[in-house]
Asks: 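Dumping the structure here so I can ask a few things about it.
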Amino acid sequence: MVTCYDFWSAQILSASEIDCILVGDSAAMVMHGHDSTVPMDIKTMVAHVSSVKRGAPEKFIVADMPFLTHRKGTKYAMDCVEQLMRAGANAVKIEAQPGHERIIKHVVDSGVPVMAHIGLTPQFVHQLGGYKVQGRDTSSALRLMALAKILEEAGCFSIVLECIPEALAKKITAQLQIPTIGIGSGNNTDGQVLVLQDLLGCQKTFQPKFVRHYTNLYDIILGAVNSYHKSVAQHEFPSEKEVYQ
Ligand code: KIV
């Protein structure tokens, strides 16, 4: 799974072998420049989902429920789920804590597949005290194992495990029937997810340990734009071939 937020890159993913697209609320940071996912709202998420759907209509699209949308009562949560599904999502992803299983079960019972997200849940950054690895001590590891089981029982079809120790991700994966998707959680989960812009090397400043750059798009784009600028400055672009007569 990779993230995607726009029509342009969705068209490329549509031609790829990727199984699943996540329209993540990480768009708040990657596309809108915020320092967390907290500012993301439902209207903006819906716009991202419908752009991605137009670019990759045949891919399985999971859309993030933004900050607090599943915590404001069943009606509000279901209105948000409805908007994301009508925009083209095939499933929603919910950052889950103990107690959230009731609303998750309601969404599932309403016919909407739910992917849960546990471990480092970025919408909880203020409570977690920063972007830190979760489940390192025995009691928090046991809490995450119990939570994963509860979420499976609530009907989730998959669970994202973000930034937990590899051994814990392995144990959680082994105890579940549903697939786990890891990010920063080692190689023993059933699948992996990365932010597209991270795997493409789109920026220089954000390089956590778990991200691999499969290319260096930052330098490639910078080089191309500077080549364009130079050829315009030198009146070399447009050439004879690029002009209407
Ligand atoms: O919003 C997002 O991109 C995510 C992934 C990093 C799992 O939740």
Side-chain angles (χ1 to χ4, degrees), residues 1-6 9-10 13 18-42 44-49 51-52 56 59-70 80 84 87 89-97 100 104 113-128 130-135 144 147-148 151 156-164 169 172-173 178-187 189-200 202-203 206-214:
M1 181 160 81
V2 290
T3 65
C4 181
Y5 319 111
D6 61 81
S9 55
L13 294 184
I18 282 292
D19 297 307
C20 182
I21 291 176
L22 171 64
V23 186
D25 60 354
S26 51
M29 303 170 83
V30 179
M31 302 299 282
H32 301 281
H34 293 292
D35 62 2
S36 80
T37 58
V38 169
M40 178 53 75
D41 57 48
I42 188 66
T44 311
M45 274 304 295
V46 166
H48 284 297
V49 172
S51 303
V52 170
K59 290 285 184 189
F60 189 85
I61 296 174
V62 180
D64 251 332
M65 285 281 280
F67 181 60
L68 291 186
T69 48
H70 65 294
C80 293
L84 294 172
N90 301 99
V92 297
K93 177 165 79 59
I94 296 181
E95 292 188 15
Q97 292 289 328
H100 295 188
I104 288 174
V114 175
M115 177 180 277
H117 181 165
I118 66 171
L120 171 51
T121 42
Q123 291 172 12
F124 292 75
V125 61
H126 297 297
Q127 202 169 53
L128 298 176
Y131 298 99
K132 299 174 185 166
V133 176
Q134 301 296 306
L144 283 173
L147 178 58
L151 293 166
C156 293
F157 74 96
S158 175
I159 303 190
V160 170
L161 304 176
E162 179 161 355
C163 287
I164 62 172
I172 293 177
T173 301
I178 57 174
T180 56
I181 311 290
I183 175 163
S185 299
N187 204 8
T189 51
D190 296 299
Q192 295 286 330
V193 56
L194 274 183
V195 167
L196 183 64
Q197 284 77 358
D198 289 347
L199 80 84
L200 295 177
C202 288
Q203 55 125 331
F206 180 69
Q207 290 199 0
K209 187 177 180 182
F210 62 82
V211 168
R212 185 187 295 180
H213 290 170
Y214 287 82

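All figures in this text were calculated on a predicted structure; none of them were measured in a lab. Just follow the structure's listing: the first ligand is 1, and inside any ligand the first atom is 1.
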Asks: SG of Cys163 to CG of Leu120: how many Å apart, nearest 0.5 Å?
Replies: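 One gets 5.0 Å once the value is rounded to the nearest 0.5 Å.
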Asks: One pair per line, please: each N/O atom of ligand 1 matched with every protein N/O atom under 3.5 Å away, atom names first, then the distance to 0.1 Å.
Replies:
unit_1: ligand 1; atom_1: 1 (O); unit_2: Asp25; atom_2: N; d: 3.2
unit_1: ligand 1; atom_1: 1 (O); unit_2: Asp25; atom_2: OD1; d: 3.1
unit_1: ligand 1; atom_1: 1 (O); unit_2: Ser26; atom_2: N; d: 3.0
unit_1: ligand 1; atom_1: 1 (O); unit_2: Ser26; atom_2: OG; d: 3.2
unit_1: ligand 1; atom_1: 1 (O); unit_2: Asp64; atom_2: OD2; d: 3.1
unit_1: ligand 1; atom_1: 3 (O); unit_2: Ser26; atom_2: OG; d: 2.5
unit_1: ligand 1; atom_1: 8 (O); unit_2: Lys93; atom_2: NZ; d: 2.8

Asks: Output all residues satisfying ring pair (Phe, Tyr, Trp, His ring centres under 6.0 Å) with His213, sequence neighbours left out; order by chain, then residue number.
Replies: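 Scan of His213 (ring pair (Phe, Tyr, Trp, His ring centres under 6.0 Å), adjacent residues dropped) gives none.
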Asks: Checking Asp6 now: which residues fulfil side-chain hydrogen bond (donor to acceptor under 3.5 Å, both in side chains) with it, not counting sequence neighbours?
Replies: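 Applying side-chain hydrogen bond (donor to acceptor under 3.5 Å, both in side chains) to Asp6 gives Ser9.
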Asks: Atom CD1 of Ile178 and atom CG of Leu151: how far apart are they, to the nearest 0.5 Å?
Replies: 7.5 Å
Asks: Could you work out, with side-chain hydrogen bond (donor to acceptor under 3.5 Å, both in side chains) as the rule, every residue matching Asn90, not counting sequence neighbours?
Replies: none
Asks: Among side-chain atoms of Tyr5 and Ser26, is any donor-acceptor pair under 3.5 angstrom?
Replies: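 Yes, Ser26 and Tyr5 have a side-chain donor paired with an acceptor closer than 3.5 Å.
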